[in-house]
Amino acid sequence: MLFTTPLIALLAVVGSAIASPLIEVPEAEVSHLEARVSPTNMVKITSTTDYCMIVPKTKKTNIGDSEHPGGMTTYCSKPTSSTQGKFASNFWKKVTLKNGKGKNGKAYTQLTGCINVSTLDRLNKNDGGGQYDSNGGAGGKGNPQGSVCTGYASYVEIIEPDANRACIRCCQDKADCPTNKDTQGCPAVIPGTYTGCN
């Protein structure tokens with residue numbers, strides 16, 4: 001009988017909490033948190049010297065051949081995890097950073113330019129290239145699946161080793177990161193600066 005009174009008190013507290021009306025918080029005051037993303041499944045663009053891109057996980061691999069689960073990984077100019085690879089400081093031979101507003105007025109940022117293929121052993125210098133993105137692939141889930149650009153809603157990236165060219169754009173509006181032009185190359189997908197790549 002000793003436990004009857006505390007048990008009744010506990011039930012009364014739980015019952016009143018359940019019966020209390022919920023407080024509605026305006027959406028503007030709710031903090032939206034991004035899901036935690038694997039450091040090997042993300043890209044980012046901060047500057048021409050601080051960026052991350054998706055590359056083949058194994059050495060001397062064509063981009064298209066890497067496009068399967070486990071075939072891709074993240075390389076960064078300034079890795080933040082021991083699981084990320086590190087780009088050589090001269091990976092970009094010439095690179096241009098551009099920030100702008102897209103078709104519907106939403107922000108994007110991009111890197112375009114010429115690369116030194118020989119500085120990254122993941123690439124095959126004779127490869128015609130391929131595309132990685134957050135909204136393409138099987139079921140529109142990205143390639144690699146679930147990959148994201150830090151701070152943006154979507155991204156598209158193309159590496160063209162045989163043309164010594166690469167490009168990456170992160171967008172708030174996926175319309176500014178088209179995934180349906182992958183065979184047309186960097187200049188068609190992400191207009192930018194590509195002079196002198198060959």
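Note that these values count all heavy atoms, side chains included, but never hydrogens, waters or copies made by symmetry.
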**Student:** For Ser134 and Tyr155, indicate whether the former's side chain and the latter's backbone hold a donor-acceptor pair under 3.5 Å.
**Tutor:**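 Side chain of Ser134 to backbone of Tyr155: a pair is present.
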
**Student:** May I have the step-by-step check of side chain to side chain donor-acceptor pair (under 3.5 Å) for Thr109 and Tyr152, ending in yes or no?
**Tutor:** CA-CA 9 Å; Thr109 187; Tyr152 288 85; 4.7 Å; no

**Student:** Keeping the roles fixed (side chain from Gln131, backbone from Thr179), state whether a donor-acceptor pair exists under 3.5 Å.
**Tutor:**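 Present.
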
**Student:** What is the distance from atom CD of Gln84 to atom OG1 of Thr73, rounded to the nearest 0.5 Å?
**Tutor:**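 The OG1 atom of Thr73 is 8.0 Å from CD of Gln84, to the nearest 0.5 Å.
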
**Student:** Check the SG atoms of Cys186 against those of Cys167: under 2.5 Å or not?
**Tutor:**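 Yes, Cys167 links to Cys186 through a disulfide.
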
**Student:** For a side-chain contact (heavy atoms from CB on, under 4.5 Å) with Glu157, tell me which candidate from Ile45, Val189, Ile168 qualifies.
**Tutor:**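 Filter result, single survivor: Ile168.
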
**Student:** Counting neighbours of NZ on Lys86 that are heavy atoms of other residues, nucleotides or ligands and sit closer than 6.0 Å, is the number greater than 12?
**Tutor:**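 Counting other residues, nucleotides and ligands, NZ of Lys86 exceeds 12 neighbours.
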
**Student:** Using a 6.0 Å cut-off, check whether atom NZ of Lys44 has over 12 heavy atoms from anything other than its own residue.
**Tutor:**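 Counting neighbours around NZ of Lys44, more than 12 heavy atoms of other residues, nucleotides or ligands fall under 6.0 Å, so yes.
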
**Student:** How far apart are the closest heavy atoms of Ile54 and Ile159, and which atoms are they?
**Tutor:**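 Closest pair (atom of Ile54, atom of Ile159, distance): O-CD1, 3.7 Å.
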
**Student:** If two hydrophobic side chains count as joined below 4.5 Å and joins carry through other members, does Tyr132 share a cluster with Phe91?
**Tutor:**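 Both belong to a single hydrophobic cluster.
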
**Student:** Drop me the distance from Lys94's NZ to Thr195's OG1, to the nearest 0.5 angstrom.
**Tutor:**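 Output value for this atom pair is 4.0 Å.
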
**Student:** For a side-chain contact (heavy atoms from CB on, under 4.5 Å) with Trp92, tell me which candidate from Leu111, Thr112, Thr119 qualifies.
**Tutor:**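 So the option named by the test is Leu111.
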
**Student:** What distance do Met72 atom CE and Asn41 atom CG have between them, rounded to the nearest 0.5 Å?
**Tutor:**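 Between atom CE of Met72 and atom CG of Asn41 there are 8.0 Å.
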
**Student:** Taking atom NZ as the centre, does Lys93 end up with more than 12 heavy-atom neighbours from other residues, nucleotides or ligands that are less than 6.0 angstrom away?
**Tutor:**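 More than 12 within 6.0 Å, yes.
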
**Student:** Please work out which of the three classes, parallel, tilted or perpendicular, describes the rings of Phe87 and Tyr51, given edges at 30° and 60°.
**Tutor:**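 Tilted, since the angle between the ring planes falls between 30° and 60°.
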
**Student:** I need the minimum non-hydrogen distance between Arg122 and Pro56, along with the two atoms involved.
**Tutor:**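 Nearest heavy atoms, Arg122 then Pro56: CD-O, 3.1 Å.
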
**Student:** Is a side-chain N or O of Asp176 found less than 3.5 angstrom from the main chain of Lys103, in a donor-acceptor match?
**Tutor:**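 Judged by distance alone, yes, a pair lies under 3.5 Å.
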
**Student:** Could you tell me which non-hydrogen atom of Ala188 sits nearest to which non-hydrogen atom of Pro191, and how far apart they are?
**Tutor:**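 So the minimum-distance heavy-atom pair works out to O-CD, 4.5 Å.
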
**Student:** Using side-chain heavy atoms (C-beta onward) and a distance below 4.5 Å, is Thr74 in contact with Val43?
**Tutor:**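 The answer is no; the side chains never approach within 4.5 Å.
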
**Student:** Would a 4.5 Å heavy-atom cut-off, applied to side chains only, mark Val95 and Ile115 as touching?
**Tutor:**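 Heavy-atom side-chain distance check fails, nothing below 4.5 Å.
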
**Student:** Kindly determine whether Asn164 and Asn116 satisfy side-chain contact (heavy atoms from CB on, under 4.5 Å), including the steps that lead there.
**Tutor:** CA-CA 6 Å; Asn164 299 309; Asn116 289 306; over 6 Å; no

**Student:** Identify the two heavy atoms, one from Thr49 and one from Ser77, that lie closest to each other, and give their separation to 0.1 Å.
**Tutor:**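 That would be O-OG, 2.9 Å.
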
**Student:** If only atom types and distance count, is the side chain of Asp173 paired as donor or acceptor with the main-chain N or O of Ala175 below 3.5 Å?
**Tutor:**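 Side chain of Asp173 to backbone of Ala175: a pair is present.
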
**Student:** What's the spacing between Asn180 CG and Asn135 CG if we round to 0.5 Å?
**Tutor:**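 Answer rounded to 0.5 Å: 11.5 Å.
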
**Student:** Using only atom types and a distance under 3.5 Å, with no angle test, would you say the side chain of Gln145 pairs donor to acceptor with the backbone of Pro69?
**Tutor:**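 Here the side-chain-to-backbone pair does not exist.
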
**Student:** Yes or no on side-chain contact (heavy atoms from CB on, under 4.5 Å) for Val117 and Asn124, after CA distance, side-chain angles and deciding distance?
**Tutor:** CA-CA 8 Å; Val117 175; Asn124 173 359; over 6 Å; no

**Student:** Could you check whether the SG atoms of Cys177 and Cys170 sit less than 2.5 Å apart, since that is the cutoff I want to apply?
**Tutor:**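 No disulfide here.
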
**Student:** Which heavy atom in Ala166 sits nearest to a heavy atom in Met53, and how many Å separate them?
**Tutor:**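 In terms of heavy atoms, the two residues are closest at CB-CE, 4.3 Å.
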
**Student:** Do Val156 and Ile190 have side-chain heavy atoms sitting under 4.5 Å apart?
**Tutor:**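 Yes, side chains in contact.
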
**Student:** Which heavy atom in Lys106 sits nearest to a heavy atom in Gln172, and how many Å separate them?
**Tutor:**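 Reported closest heavy-atom pair: CB-CB, 3.9 Å.
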
**Student:** For the pair Asn143 and Asp133, evaluate side-chain contact (heavy atoms from CB on, under 4.5 Å) and give the outcome as yes or no after the intermediate values.
**Tutor:** CA-CA 5 Å; Asn143 194 19; Asp133 54 65; 4.2 Å; yes

**Student:** I need the Asp127 CG to Glu160 CD distance, nearest 0.5 Å.
**Tutor:**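 That separation rounds to 9.5 Å.
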
**Student:** How many angstroms lie between atom SG of Cys114 and atom CG of Asn198, to the nearest 0.5 angstrom?
**Tutor:**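 Going from SG on Cys114 over to CG on Asn198, the span is 8.0 Å.
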
